[in-house]
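Naming: A, B, ... by sequence-line order, numbering from 1 per chain.
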Amino acid sequence: MIKVKISYNLIMRNKEVSEKLYELASYLEILGEMKFKINAYIEAARRIENLTVPIEELAKEGKLTEIKGIGEGIAKKIVQYLETGKIDKLEEVKKQIPETLIELLNVPGVGPKGAYTLYNKLGIKNIEDLKKAAIEGKIRELDGFGPKKEENILKALQHAQKKEVRRINLGIALPIAEYVKESLIKGAPIDKIEICGSIRRMKETIGDIDILVTSNNSNQVMDFFTNMKIVKEAINKGDTKSTIITPEGIQIDVRVVEPISFGAAVQYFTGSKEHNVKIRELAIKKGLKVNEYGVFKIDKDERVCGEKEEEVYNILGLPLIPPEMREDRGEIELALENKLPKIIDIKDIKGDTHVHTKYSDGENTIYEMAKKSIELGYEYLVIADHAKALGVASGLSIEKYKEQKREIDRLNDEIGDKFRIFLGCELNILSDGSVDFEEKELSIFDICLAGIHTGFNQDKKKITERIKKAMNIKKIKIITHPTGRLLGSRDEYEVDLDEIFKEAKNNGTILEINANPERLDLNDLNSMHGKELYNLKFSIGTDAHSINGLSDMRYGVGVARRGWLTKKDVINTLSLKEFEKFIKS
DNA sequence: GCCGTTTTCGGCCCGACTGTTTTCAGTCG
């Protein structure tokens, strides 16, 4: 791993560069360039996207070609872009076809070949032109097109107008998937069953739900599934695959596969696509072919394995790679060397570092939250109710916190020494970087958390300075939801995360992975970067406002696993004794 | 355009589906 001093702003240039390469790939695709060249550009773009070091530094040091997938040709283009803001090759292809032609690739059924024909023969430059031509019946005349394709294009365009393509939050999708799974187990002749796809990888948002089963009576499974209560519409029902839509508009596919293929199918349908491509490339080198039916010897088409997912990896010389890591971010290379990190497990979590109670805007009492935490197997719980500046959440005065402290002391006495409730608080980082109370008033707390709850629209410099100032208040140990996003409803505020990371490194401040599925903040890549570049520590807190919210921990752990964090990177894996020592430090 | 524990040249993931074909190309996941 190449370590250099970096700024997060520079990392943002990685995204810029990767977008240029994706763009170039799209143009070349339309122009009919060789598939392999296009793949090379896409691969390079992906690598840069996931890089944890700034591309500019690598370029300066002449180390671009050390990145896998980047050779002399692409390296030159990157350097040119960084120096001049332009890539000759990209400018050149842009002269050959209109920029808006790329829009057409978003229309289902229209690919690069189709887009070029539409432009070349009919002069179609954008979606508007396409729609007009379809209505006028011109498209059916083209070679390779026909009435059916024309109709499908028109349908797709009308469809796209009313329905935006929306991904569903994991926090909504996972419980639905689990409900379907449980129902199938209870009500249908199921042998094995697994929820696959991006849910299994714990991606923060998901497109649709894929469930695989084995059964000796496939028809009965399909009957049961398509008649479940949650079915708003059964889109199609086949012998081995059915698709339904739930009232929330989520598409669920259930497939019945042969037991002998179950492991290979689970591997295939779990993805990611990029991970699977690398797996199959690796297989070829070993004279094997991997598909959703199993692993086969290329020459003889002889089955090697496929019943268990683990076998698929083992036969390639790999340990089973955790689904959350399957994004082709280097996990296969590490697995080959048997150097996969032992990523954190939900069982490692010993306490929740961020919950609210009735004192502020929560629904349950301190006792109820503690009781539930004990049931979850925790050793401790940090009560972190909102402080006074957050009026809308009934933020507490120091007097109220003192009242809380008396209650917590009493409860701790009753519970005994196997479990401990800590008095914390979630302070508000105000617009000037100060918090609700004077520093000396904070001494009553066991631990202070602080986060931004207002003034999201300040500029980057100001927000960054605010957070840094709060991090310098000694009692504040944790910065909650560091980027402030709400999935699907509010973007991150402008913040220079690299500056925050540096400050956290200097002060030993913990950054929160907020496990609330609407937040998941920090996200997977930010967590990964924080660890890779600065060796930061994190807390996973649910921000629970009720006893049910405590169960959101698994989403936070999912983020941490996707960020390759291990047990030692997360402070609430510490035992009660260690945690007490930590907050006193 | 990139890459090499069988390769510095000759490869580059796999299968399903659709609509167009008359054995297949393009698109999709």
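- Where A:G69 and A:A115 each meet DNA chain B at their nearest nucleotide, the meeting point lying more 5' is that of A:G69.
- Using a 4.0 Å heavy-atom distance criterion, A:I38 is classed as making no nucleic acid contact.
- Residues A:N276 and A:Q267 bring a donor and an acceptor atom of their side chains to less than 3.5 Å of each other.
- Salt-bridge annotation for A:E310 and A:K308: absent, with no side-chain N of the basic residue lying under 4.0 Å from a carboxylate O of the acidic one.
- Counting only heavy atoms from C-beta on, A:P112 has its side chain closest to B:dT27 among B:dC12, B:dC14, B:dT27.
- Contact check, A:N291 against B:dG15: a side-chain N or O comes under 4.0 Å of OP1 or OP2.
- Counted by atom type alone, A:T483 and A:D521 present one or more donor-acceptor pairs between their side chains at under 3.5 Å.
- Looking at A:Y268, its side chain has no donor and acceptor atom pair within 3.5 Å of the base of B:dG15.
- Checking A:I97, A:I124, A:L104 one by one against A:Y119, the side chain to side chain contact (heavy atoms under 4.5 Å, CB included) holds for a single residue, A:I97.
- For B:dC17 and B:dT22, the P atoms lie 23 Å apart once the distance is rounded to whole Å.
- For the OP1/OP2 pair of B:dT18 and a distance below 4.0 Å, the side-chain nitrogens and oxygens of A:N152 include no atom meeting the criterion.
- Side-chain contact check for A:T243 and A:D253: at least one donor-acceptor pair (N or O, by modelled atom type) lies under 3.5 Å.
- For B:dC12, the paired nucleotide is B:dG1, the pair qualifying as Watson-Crick or G-U wobble because both relevant distances are below 3.5 Å.
- Nucleic acid contact for A:K148: sugar-phosphate only, since backbone atoms but no base atoms lie under 4.0 Å from a heavy atom of the residue.
- What separates CZ of A:F269 from P of B:dC14 is a distance of 16 Å, to the nearest Å.
- Take the nearest nucleotide of DNA chain B for A:L288 and for A:G111: the residue whose nucleotide is more 5' is A:L288.
- Set against B:dA16, B:dG1, B:dT27, the side chain of A:K113 has B:dT27 as its closest nucleotide.
- Remark: the separation of the P atoms in B:dT6 and B:dG1 is 28 Å, to the nearest Å.
- When rounded to the nearest whole Å, the span between CZ of A:R46 and C1' of B:dG1 equals 16 Å.
- For the residue pair A:E331/A:H275, the side-chain donor-acceptor check at 3.5 Å is satisfied.
- Going from the P atom of B:dG19 to that of B:dC12 covers 30 Å, rounded to whole Å.
- Atom P of B:dT20 sits at a distance of 13 Å from the matching atom of B:dT27, rounded to the whole Å.
- Within the 4.0 angstrom heavy-atom criterion, no nucleotide atom of any strand lies near A:E43.
- Counting non-hydrogen atoms under 4.0 angstrom, A:K289 reaches the backbone sugars and phosphates but no base.
- Counting only heavy atoms from C-beta on, A:P147 has its side chain closest to B:dT20 among B:dC13, B:dG4, B:dT20.
- Classification of B:dT22 as anti follows from a glycosidic angle more than 90° from 0.
- What separates CG of A:N276 from P of B:dC13 is a distance of 13 Å, to the nearest Å.
- Between B:dC3 and B:dC13, the two P atoms lie 14 Å apart (nearest whole Å).
- When heavy atoms are screened at a 4.0 angstrom cut-off, A:K68 is found touching the sugar-phosphate backbone but no base atom.
- A:K285 has no side-chain polar atom (N or O) that falls below the 4.0 Å cut-off from OP1 or OP2 of B:dC12.
- Residue A:K149 contributes atom NZ, which lies 8 Å from atom C1' of B:dT18 at whole-angstrom precision.
- One interatomic measurement links the two molecules: CG of A:L142 to C1' of B:dT21, which rounds to 16 Å at whole-angstrom precision.
- Residue A:I279 is out of contact with every strand shown, counting any heavy-atom pair closer than 4.0 Å.
- A salt bridge does not link A:R485 to A:E492: none of the charged side-chain nitrogens sits closer than 4.0 Å to a carboxylate oxygen.
- B:dG11 and B:dT7 are spaced 14 Å apart, taking the P atom of each and rounding to whole Å.
- The distance from atom CG of A:N39 to atom C1' of B:dC14 is 13 Å, rounded to the nearest whole Å.
- As a whole-Å value, the separation of A:E29 CD from B:dG26 C1' is 11 Å.
- When the side-chain nitrogen and oxygen atoms of A:Y116 are compared with OP1 and OP2 of B:dG26, none of them lie within a distance under 4.0 Å.
- Using a 4.0 Å heavy-atom cutoff across all strands shown, A:G271 reaches no nucleic acid atom at all.
- Side-chain contact of A:E49 with A:Y22: a donor-acceptor pair under 3.5 Å is present, judged by distance alone.
- At the phosphate of B:dG1, OP1 or OP2 sits under 4.0 Å from a side-chain N or O atom of A:K77.
- In the set B:dG15, B:dG4, B:dC13, the nucleotide with an atom closest to the side chain of A:Y293 is B:dG15.
- Distance CD (A:E281) to C1' (B:dT6): 17 Å, rounded to an integer number of Å.
- Distances were taken from every side-chain heavy atom of A:A40 (C-beta onward) to each of B:dC13, B:dC2, B:dG15; the shortest belongs to B:dC2.
- Rounded to whole Å, the separation between the P atoms of B:dA16 and B:dT21 comes to 24 Å.
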